[in-house]
Amino acid sequence: MSQSMTPMMRQYVEMKNEHPDCILFFRLGDFYEMFFDDAKKAADVLDIVLTSREMSGGERAPMCGVPHHAAENYLARLVDHGYRVAICEQVEDPRKTKGLVRREVVRVVTPGTLSQLQTKDERSHSFVVAVSENQGSYGLAAVDVGTGTFTVTQFDGQEACKLFSDEVMRLRPAECLPNAKLSQDPAWHRLVDETGALPAEDDAGYFVPERAEEALLRHFGVVSLKGYGLEGKEQATTAAGALLQYLQKTQRIFLAHLSGITYYHTGAYMLLDEAARRNLEITRRQMDGKREGSLLWVVDHTVTAMGARCLKDWLERPLCRLEEINERLGALEELVGDALLRLKVKEHMSPILDLERLASRIAYGSANGRDLLGLAASLRRVGCLKNALAESQSSKLVSLHETLSTPEQLCNAIEAAIEPQPPVSITEGGLIRTGYDDTVDQLRLLAEHGKQWIADLERSERERTGIKSLKVGFNKVFGYYIEVTRSNLGAVPEDYIRKQTLANAERYVTPRLKEEEEKILNAQERLWELEHQLFLELRQSVLEHLGEIRRQAALVAQLDCLLSFAILAVENDYCRPELEKSKIIAIEDGRHPVIEKVLGPGQYVPNDVQLDEKDKRMLIITGPNMAGKSTYCRQVALLALLAQCGSYVPARSCRLGLVDRIFTRVGAHDNLSAGQSTFMVEMTEVSSILNAATDRSLVILDELGRGTSTFDGLSIAWAVAEYLHTKVGTRTLLATHYREMNELASQFHAICNMVVAVQEEGEDIRFLYRIVPGQADASYGIHVARLAGVPPVVLERARSILEKLESEPRNHNHASVAPRSSRRQLALSPQLEHPALRELKGIVIDELTPLEALNRLQRLQRLVREEES
Amino acid sequence: MSRIARLSIATANQIAAGEVVERPASVVKELIENALDAEARRITIECQDAGKRLVRVTDDGAGMDRHDAVLSLERHTTSKLREIHDLDSLKTLGFRGEALPSIAAVARVEILSRPRQEMEATGIEVEPGSEPNVRQCSGPPGTSVSVRDLFFNVPARAKFLRSAAQEMSHIVDATMRLALSHPHVSFGLLHQGKMVLSTSGSGKTQNALAEVWGADRVQGMLPIEWESPEGVVIRGFAGSADAATGHRRYQFYFVNGRAIRSAPLRYGVDQAYQGILPSGRFAPMLLLVQLSGSMVDINVHPAKWEARFWNDRAMQDMVTEAVRGALGEPYRRPPSRGEWSASSSWRGESHPEGAHMAQRVQEPLFSPYSTPWEEQTRWEWLGQAHQRYILGYDGQRIWMIDQHAAAERICYLKLSEAQRSVAQMLLEPETVELGQAQHQMTDDCLQILRQMGFEVESFGPRTLLVRAIPAPLSGVPVRQLVTDAMERLGQHKGMWGLQEARLALAACHGSLRSGQRLSQVEMHALIRELLATDPPFVCPHGRPVMIEIGEDELDKKFGR
Ligand SMILES: Nc1ncnc2c1ncn2[C@@H]1O[C@H](COP(=O)(O)OP(=O)(O)OP(=O)(O)O)[C@@H](O)[C@H]1O
Ligand SMILES: Nc1ncnc2c1ncn2[C@@H]1O[C@H](COP(=O)(O)OP(=O)(O)OP(=O)(O)O)[C@@H](O)[C@H]1O
Ligand SMILES: [Mg+2]
Ligand SMILES: [Mg+2]
Ligand SMILES: [Zn+2]
């Protein structure tokens with residue numbers, strides 16, 4: 001068959017064989033065509049028509065195609081469906097070659113590298129990761145080709161596997177490249193399934209350590225990786241090198257925008273495991289994975305895309321070192337306290353484009369004149385930012401002032417070369433500035449002279465023909481013309497050629513005019529080609545500045561994050577937290593940042609928090625359903641987290657002893673896909689808390705033990721609390737419906753009972769959302785069920801069962817159960833008094849007429865009677 | 001003939017309310033003032049539909065218990081005043097006990113309030129003409145008052161409300177004023193859930209100013225610090241001429257912390273800028289006047305918008321003096337009036353931060369009251385300095401003229417006169433090549449160019465054919481004129497009116513640039529033209545064209 005194939009089809013098959021795992025986009029004129037099975041798959045996914053093309057003697061191959069100018073969207077859709085696409089371009093100008101045009105695969109687009117072309121969300125990264133494991137040591141490298149971010153880390157020791165999985169979950173890669181060992185590990189496969197990353201195959205020995213290291217050395221042009229902190233990090237180095245080779249193979253360009261690699265150590269940050277991240281809804285809401293409703297959604301006031309990505313990173317990795325936190329807080333205090341500074345920074349920050357993405361476009365050769373000019377303008381703004389910070393005091397802002405700088409040379413070069421508002425296309429002229437290149441100027445002058453010659457024609461032709469009203473003009477369809485009004489038609493000379501007739505005039509050309517016009521056009525064509533050439537040279541020269549550009553981008557991103565925190569603080573009335581080495585948590589009028597935002601101003605009821613190492617390590621919080629227990633616990637965790645990110649916090653005041661880890665065990669979370677039941681998940685999380693928590697940690701246990709029978713659950717909760725209190729000594733908030741847990745407070749001196757205040761009003765209870773010392777005396781579960789619209793019959797039945805249960809002695813219960821107060825007694829807090837009493841106190845007798853007095857009396861009586869019935 | 005009848009209480013209330021509640025912005029103002037009186041640290045204002053559907057003001061102030069909350073809605077109940085004498089020593093913004101009942105007469109009102117020490121909050125809902133519904137509920141410390149469906153029961157008034165944009169700008173304005181006079185309180189104004197304005201409550205007026213007006217406007221502002229022996233204190237910030245606009249939207253006046261519309265204060269400020277700004281241009285201004293209650297009466301206007309001073313003229317002059325002091329320019333009061341001018345304390349005061357203005361004009365500006373240009377014949381022209389300034393002597397004073405500014409002024413006035421756009425035909429049409437930038441906005445700009453007296457048409461890609469230019473600019477190189485004009489227009493895409501375009505043109509083509517050597521004849525021509533225009537001699541941007549040095553000043557310098 002191959003003999004009879006057309007040469008082009010033969011070329012196609014050759015290419016396809018090199019990329020069997022990809023759909024091949026084969027460039028034919030203005031289309032990318034796909035054939036055979038590729039065509040069938042693509043037609044299906046893209047919903048385009050499947051046709052066929054003659055392949056050899058009468059045989060036809062299935063075919064479909066997409067126009068090349070709209071290819072991006074189609075590409076993205078294919079990649080989203082889990083396909084890799086190899087793009088095969090014509091690498092010769094078809095006009096200048098005879099016979100078959102040479103074609104080459106110029107890029108392989110994969111889920112992890114799509115971000116170079118198109119991003120769904122420019123405010124977050126899209127990573128491709130390489131992972132490598134050997135003898136319990138894990139290396140994890142991640143690259144976002146769209147922004148040039150290249151990071152790597154390594155995990156060793158006992159917790160390595162768990163920390164590794166948590167970090168992979170945090171990165172949420174779109175694509176992953178595991179080494180041979182991991183790719184056979186079922187645990188790894190479960191992890192990949194959960195992240196939804198597309199696995200890539202190591203088909204070229206990427207993970208051979210020597211090769212990997214060699215690739216890194218060559219790419220960065222160094223002789224040792226010491227400078228990148230990779231010394232002795234074998235798995236990290238291997239993963240990074242493997243990833244680099246994989247990208248080199250698929251991207252097929254010099255990845256100039258991967259200008260450096262950052263090694264980080266997760267232990268340097270506050271550790272948040274996947275459960276904590278999920279439960280605290282830091283970057284996405286638990287319910288539906290949306291950003292809306294998350295902490296990030298409330299906190300993010302960044303104005304650049306770089307800043308947005310950086311802020312996400314900051315929130316996911318709060319700091320642990322006091323100095324670092326205070327550095328951010330110090331900068332923040334300055335930005336909050338000096339409005340002019342804050343506004344100036346914002347003003348100069350807002351127009352800064354995504355420098356990292358621009359760097360990537362330049363590396364990929366897809367940047368146009370506007371991109372370069374945008375780059376220069378943005379870099380100039382960096383200089384303005386520097387100046388704005390000139391009088392700063394705080395060490396962070398001072399150091400930003402010192403390091404921010406405009407690469408003058410680069411900016412000058414770009415600005416000298418490119419027209420102030422260049423067109424999108426780089427092949428149609430109008431791109432290069434006058435004065436930059438002599439030949440360009442000359443060609444332009446040629447055209448200009450031509451035009452002035454035509455303009456001058458007006459006078460000379462008026463003289464020649466004697467027609468006073470004769471005019472020259474231009475129109476897009478006919479080009480230049482001479483216009484003569486109808487009344488003068490008699491005087492039109494012989495050599496005028498009529499081109500167009502108007503209502504009261506005729507338009508003509510002359511051979512000489514046409515000739516002149518032709519000259520203008522010729523000059524223009526040469527001009528365009530030259531401008532294109534000059535532009536490419538300029539763009540090439542920018543490549544060597546990508547490292548500096550990315551460094552500046554990182555600084556801008558940091559400043560943007562600080563600015564964002566400052567705006568957050570100003571707009572939402574946050575206060576500066578005081579961080580210390582102690583283990584205290586003292587918050588006055590704390591608010592939950594997200595719920596406060598959702599409820600709107602004047603709705604959220606603030607609460608205090610007091611925890612300290614000696615007398616108040618653990619709070620046991622009881623109260624009815626819906627009363628605000630969970631909200632309170634999370635609020636404390638979120639405030640600690642925000643504070644350690646270096647942000648102000650929603651409170652009137654806040655003192656916080658550093659927290660090394662936040663653990664949460666909240667509600668029910670099924671992980672059926674991973675083969676774990678609700679209770680199993682719960683216990684796994686509990687065990688990791690008990691194993692890993694330290695006396696610096698903050699632990700949130702919300703309804704621990706709910707997933708099993710009451711007594712099992714209670715026993716487990718009790719034992720866990722005891723252990724955390726006594727053995728670990730963590731700061732713990734424990735919300736529970738087991739009222740028996742209140743007993744713990746009398747047995748352990750650093751455990752205190754708190755209760756969410758409610759006010760009972762006949763059938764109804766009112767939630768007051770105040771957390772006060774004390775313990776709950778009823779659950780009001782049935783009340784909540786009624787609020788939720790459970791049918792009355794069911795409620796009635798439930799109530800009678802409850803009464804029965806409560807009247808029975810609990811013979812099978814815990815050794816000592818807290819004595820229960822009567823249901824009617826409003827013992828929640830001494831401050832709560834009966835409404836009738838309060839009203840009585842409020843009456844000003846002097847102001848009452850006798851009639852009013854009687855009315856009031858009647859009202860009071862009614863209040864009391866209602867209460868009784 | 002109808003007979004007299006007593007109005008129903010509801011009707012009477014509605015009529016009374018008319019005086020307090022004019023529009024949504026009045027509601028905003030009253031509610032914020034209440035929050036401020038309650039010593040709030042943070043005040044949030046939420047609006048829906050420019051306040052027509054909802055105004056809600058939330059504070060974290062003292063709050064009200066159930067009893068107070070109920071009373072607050074009754075007419076003439078206030079916690080701020082007991083008898084009329086208290087007015088003189090009043091520290092609060094409210095005193096009549098009218099605001100809440102007035103609002104409640106024309107809208108649906110809901111109050112949620114909790115004093116800090118209470119466990120529970122009180123919620124009150126009330127509709128005009130019906131009994132309030134009072135309940136206990138949860139709530140944060142402080143007060144939140146929601147006002148819904150303003151004027152729903154008075155359609156005649158609802159009809160008079162303006163467009164959402166206009167009502168909202170009134171609300172923004174009211175909020176700005178209160179935020180500026182209370183810099184230690186943090187404000188947040190939201191419209192349809194979006195933050196429109198916020199202040200940090202840092203306690204510094206310049207912070208609030210920047211937050212409310214934006215960094216640009218505030219950057220060049222100079223602090224006003226002034227005190228009279230009588231104990232009148234004037235503080236604030238005075239804008240530089242560069243930031244001047246054609247309206248007064250950025251001129252705020254306060255008396256004892258209360259935003260006021262006051263003619264004497266306004267005149268005082270205008271008078272201070274005389275000779276610095278052409279008439280019709282206004283610099284941003286924040287003026288805070290503090291004086292004893294006995295020198296001012298605020299109970300003049302039902303919405304407390306006005307104040308009456310013990311002596312309007314004296315107040316006005318004090319303001320002028322204070323502002324001039326800030327601008328670094330002595331105010332030469334006409335000798336006929338103001339008996340306390342000599343004793344006042346401004347003279348000799350230094351203004352270390354008076355950066356902008358003070359640096360630029362080391363020497364005093366020419367006095368707006370002297371008229372040196374009448375007898376031109378007596379002028380002696382001494383020559384040109386720095387290729388930028390022309391020096392002259394009129395027999396009494398030495399004058400220095402900024403040649404560029406002078407040319408600019410002449411050109412601007414001529415262009416303005418050219419209303420009927422007198423065009424000067426060119427002998428031969430000229431082609432002008434445009435850069436890409438200019439090219440993209442040709443259609444918009446051609447329109448403006450034509451209005452100014454240019455005759456232009458498109459002539460091939462990126463090319464214009466110019467047949468005529470405005471007569472006042474004849475003689476200016478055509479290519480340069482057009483490309484410059486287009487470039488300036490391009491920088492302000494779409495925002496340009498004819499006036500600004502003229503300004504731009506005049507600015508770049510005062511035909512004389514600094515750095516140009518002038519012959520004797522050219523100098524004379526320029527001066528003659530300049531002196532033929534009316535005073536004050538300032539360029540269209542408000543910069544001085546000429547400054548003088550008097551004999552006594554020279555003497556002083558030489559130590560005579
Ligand atoms: N401090 C508060 N101020 C105002 N509203 C609050 C406050 N705390 C909680 N709420 C409201 O109450 C709702 C229920 O709170 P939360 O889920 O914390 O209750 P819970 O006590 O944990 O209930 P359950 O026992 O059913 O888990 C929240 O969604 C929020 O709308
Ligand atoms: N936000 C608030 N916080 C605390 N108390 C308030 C608040 N708003 C109103 N009040 C109480 O209600 C009373 C009545 O308010 P209202 O605005 O009607 O009158 P006023 O402020 O006393 O006088 P004016 O009519 O001049 O505004 C106030 O005197 C004050 O005691
Ligand atoms: Mg809960
Ligand atoms: Mg009031
Ligand atoms: Zn000027």
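Just so it is clear: chains get the letters A, B, ... in the order the sequence lines come, proteins before strands, and each one is counted from 1.
Heavy-atom pairs under 4.5 Å with chain A peak, among B:Asp65, B:Leu112, B:Thr431, B:Thr58, at B:Thr431. When the candidates A:Asn607, A:Leu341, A:Val570, A:Asn572 are compared by the number of heavy-atom contacts under 4.5 Å with chain B, A:Val570 comes out ahead. Highest contact tally toward chain B, considering only A:Gln524, A:Arg459, A:Gln603, is held by A:Arg459 [criterion: heavy-atom pairs under 4.5 Å].
Contact annotation for A:Arg342: only side-chain heavy atoms (C-beta onward) come within less than 4.5 Å of a heavy atom of chain B. The parts of B:Gln136 that come within reach of chain A are both its backbone and its side chain, each placing non-hydrogen atoms under 4.5 angstrom from that chain. For B:Thr199, the part lying near chain A is the backbone, with the side chain staying farther off; criterion is any non-hydrogen pair under 4.5 Å. Both the backbone and the side chain of A:Glu448 come within less than 4.5 Å of a heavy atom in chain B.
With values rounded to the nearest 0.5 angstrom, B:Arg114 atom CZ is found 9.0 Å from A:Leu768 atom CG. To the nearest 0.5 Å, atom SG of residue B:Cys137 and atom CZ of residue A:Arg766 are 7.5 Å apart. Taken from CD in A:Glu458 to CD in B:Glu428, the straight-line distance is 9.0 Å, to the nearest 0.5 Å.
Here the side chain of A:Asp573 pairs no donor or acceptor atom with the backbone of B:Arg42 at under 3.5 angstrom.
Here the side chains of B:Gln219 and A:Lys344 are in contact, with some heavy-atom distance below 4.5 Å. Looking at heavy atoms from C-beta onward, B:Ser138 lies in side-chain contact with A:Tyr769 at the 4.5 angstrom threshold. Residues B:Leu465 and A:Phe474 are not in side-chain contact: their nearest non-hydrogen atoms beyond the backbone lie 4.5 Å or more apart.
Taking a 6.0 Å sphere around NZ of A:Lys471, one finds it holds 12 or fewer heavy atoms contributed by other residues, nucleotides or ligands. Other residues, nucleotides and ligands place more than 12 heavy atoms under 6.0 Å from the CD atom of B:Gln192.
The closest side-chain donor-acceptor pair between A:Gln452 and B:Glu430, if any, does not fall under 3.5 angstrom. In this model, a donor atom of one side chain and an acceptor atom of the other lie less than 3.5 Å apart for A:Lys451 and B:Thr463.
A:Arg770 has no carboxylate O lying under 4.0 Å from a charged side-chain N of B:Glu118, or vice versa, which leaves the two without a salt bridge.
Summarising the geometry of A:Leu343 relative to B:Ala210, their closest heavy-atom pair is CD1-O, 2.9 Å, with the distance given to 0.1 Å. The heavy-atom pair separating A:Gly473 from B:Glu457 by the smallest distance is CA-OE2, 4.4 Å.
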